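Computed from a predicted structure; not experimentally measured. Only this structure's heavy atoms are used, side chains among them; waters, hydrogens and symmetry mates stay out. So you know, we letter chains A, B, ... as the sequences are listed, proteins then strands, and number each from 1.
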There are 2 protein chains.
Amino acid sequence: MVRYLITFSYDGSGFNGYQKQSGKRTIQDELEKALKKINNDKDVDVFASGRTDKGVHALNQKAHFDLDITITDEKLKMALNSNLPDDIYVKEIERKDSDFNARYKVEAKEYIYKINIGEYNPLERNYIYQYNKKLDIVEMERALKYLEGEHNFKSFTLSTDDCDNYVRTISQTNLTRDLKNPNLITITFLGNGFLRHMIRTMIGTLIQVGEGKKKAEEIIDIIKKEDRRSAGPTCNPEGLYLKNVFY
Amino acid sequence: MVRYLITFSYDGSGFNGYQKQSGKRTIQDELEKALKKINNDKDVDVFASGRTDKGVHALNQKAHFDLDITITDEKLKMALNSNLPDDIYVKEIERKDSDFNARYKVEAKEYIYKINIGEYNPLERNYIYQYNKKLDIVEMERALKYLEGEHNFKSFTLSTDDCDNYVRTISQTNLTRDLKNPNLITITFLGNGFLRHMIRTMIGTLIQVGEGKKKAEEIIDIIKKEDRRSAGPTCNPEGLYLKNVFY
């Protein structure tokens with residue numbers, strides 16, 4: 001039995017999210033179907049670093065699974081990619097010790113969120129969040145910095161979700177404008193973990209700051225309140241990418 | 001009656017090409033349906049600068065039509081975009097004299113073709129042609145230059161198409177590699193007109209040069225032969241973009 005760790009990318013726009021749900025097209029289900037074919041028709045359970053929601057993309061998602069067939073890493077990569085649909089792609093295969101776990105061993109994750117404040121581009125409608133009004137980018141950048149550090153992020157997650165521990169550490173954030181196209185804004189978050197909808201709710205709140213509806217400093221109060229109603233709306237999924245998972 | 005010229009962009013991946021065909025989703029049909037709603041349920045004929053094939057994109061396609069309703073250009077743009085599906089977008093509206101014709105007044109068109117010779121990216125599968133082997137880019141660039149000028153391009157068009165005149169002038173070509181990602185190659189063609197499949201067949205031929213199957217100089221013979229069998233295969237549509245139309 002060999003434990004494998006795979007790095008893979010996917011276009012979230014054609015999926016009902018990462019996690020398996022009966023009757024729906026999901027990334028986990030496609031991976032498990034492809035692996036079953038490779039594994040002589042025996043089921044294989046795939047454990048990802050975490051789920052992503054419907055419409056959210058991944059550039060370097062990670063998952064582990066076990067196989068007891070004899071196959072080289074290169075052939076496994078080819079077999080996976082030839083059995084997967086063309087909106088999922090396995091980039092890398094590694095072998096790990098049997099106690100490695102793609103979910104529980106995560107040390108940090110990096111997400112990016114893309115916003116276009118320029119003219120709508122139909123070719124990017126599934127890949128960039130389109131915002132049609134002006135945004136005060138300097139204020140948004142100031143607000144972003146208040147999200148850094150160890151905080152209880154209960155205000156930024158699904159109010160229906162019951163969770164043992166809402167404390168997470170965001171170690172780094174960044175807001176950049178594309179050199180060629182300054183209307184394309186990319187916001188980066190590096191942290192030890194993120195709650196469900198957390199990044200999209202932080203983005204929705206940052207946009208309210210950019211609109212002048214909230215002041216940058218209000219982020220401090222929103223965090224303190226530990227109440228979902230204090231934060232802004234949950235922004236669309238299409239701008240969100242899981243960029244890296246670190247172990 | 002006012003003659004309008006519109007500039008619009010579309011994601012070709014969800015369409016069976018530009019031109020109306022019964023029972024199929026096309027860009028022309030979506031435009032005419034949207035205009036009919038705006039024009040008090042009266043039919044409007046839309047005349048584009050030319051058709052694009054299934055899967056081909058447009059960044060700045062142009063088309064004309066006539067309306068006899070009273071509406072400001074700004075409102076017409078909004079009405080069009082709110083009645084169009086989200087994979088077509090009207091960028092600009094201009095009023096023209098009644099003798100203006102979006103097809104017959106074309107002076108030049110610019111197309112680009114994108115090729116990725118790096119790792120496959122599932123998020124770009126509908127927008128960049130994926131080529132998995134090495135290409136001799138310097139030879140391709142040399143071959144590209146032989147396509148410039150006034151030539152009979154019969155070798156590069158559909159052999160089943162009957163056409164009065166196969167002579168076209170390509171005034172400028174260009175091959176660039178993306179600064180951030182040198183595996184992304186963009187080939188640009190500026191010309192007074194292009195035959196059906198012409199750019200995709202030129203690209204298929206250039207790729208054969210890049211593979212070492214043809215020499216750059218052979219382009220001269222291929223043009224001379226005026227025979228479709230002398231050129232390379234017709235390359236995929238997803239890498240092709242109509243970038244500009246000039247009047």
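- A 6.0 Å sphere centred on NZ of B/Lys75 holds no more than 12 heavy atoms belonging to other residues, nucleotides or ligands.
- Counted within 6.0 Å of NZ on A/Lys91, heavy atoms from surrounding residues, nucleotides or ligands total more than 12; the atom is thus considered enclosed.
- Heavy-atom proximity under 4.5 angstrom to chain B picks out A/Asp178, A/Lys180 from residues 171-185 of chain A.
- In this structure, A/Lys96 places its NZ atom where more than 12 heavy-atom neighbours from other residues, nucleotides or ligands lie under 6.0 Å away.
- Residues of residues 78-88 of chain B placed with any heavy atom under 4.5 Å of a heavy atom in chain A are listed by number as B/Asp86, B/Asp87, B/Ile88.
- Atom NZ of B/Lys54 has 12 or fewer heavy atoms from other residues, nucleotides or ligands within 6.0 Å.
- Only the side chain of B/Tyr241 comes within contact range of chain A, with at least one heavy atom under 4.5 Å from a heavy atom of that chain.
- Interface with chain B: from residues 110-123 of chain A, residues A/Glu119, A/Tyr120, A/Pro122, A/Leu123 qualify, criterion being any non-hydrogen pair under 4.5 Å.
- Rounding to the nearest 0.5 angstrom, the gap separating the CD atom in A/Gln130 from the OH atom in B/Tyr89 is 7.5 Å.
- Interface residues of residues 9-28 of chain B toward chain A, defined by a heavy-atom distance below 4.5 Å and sorted by number: B/Ser9, B/Tyr10, B/Asp11.
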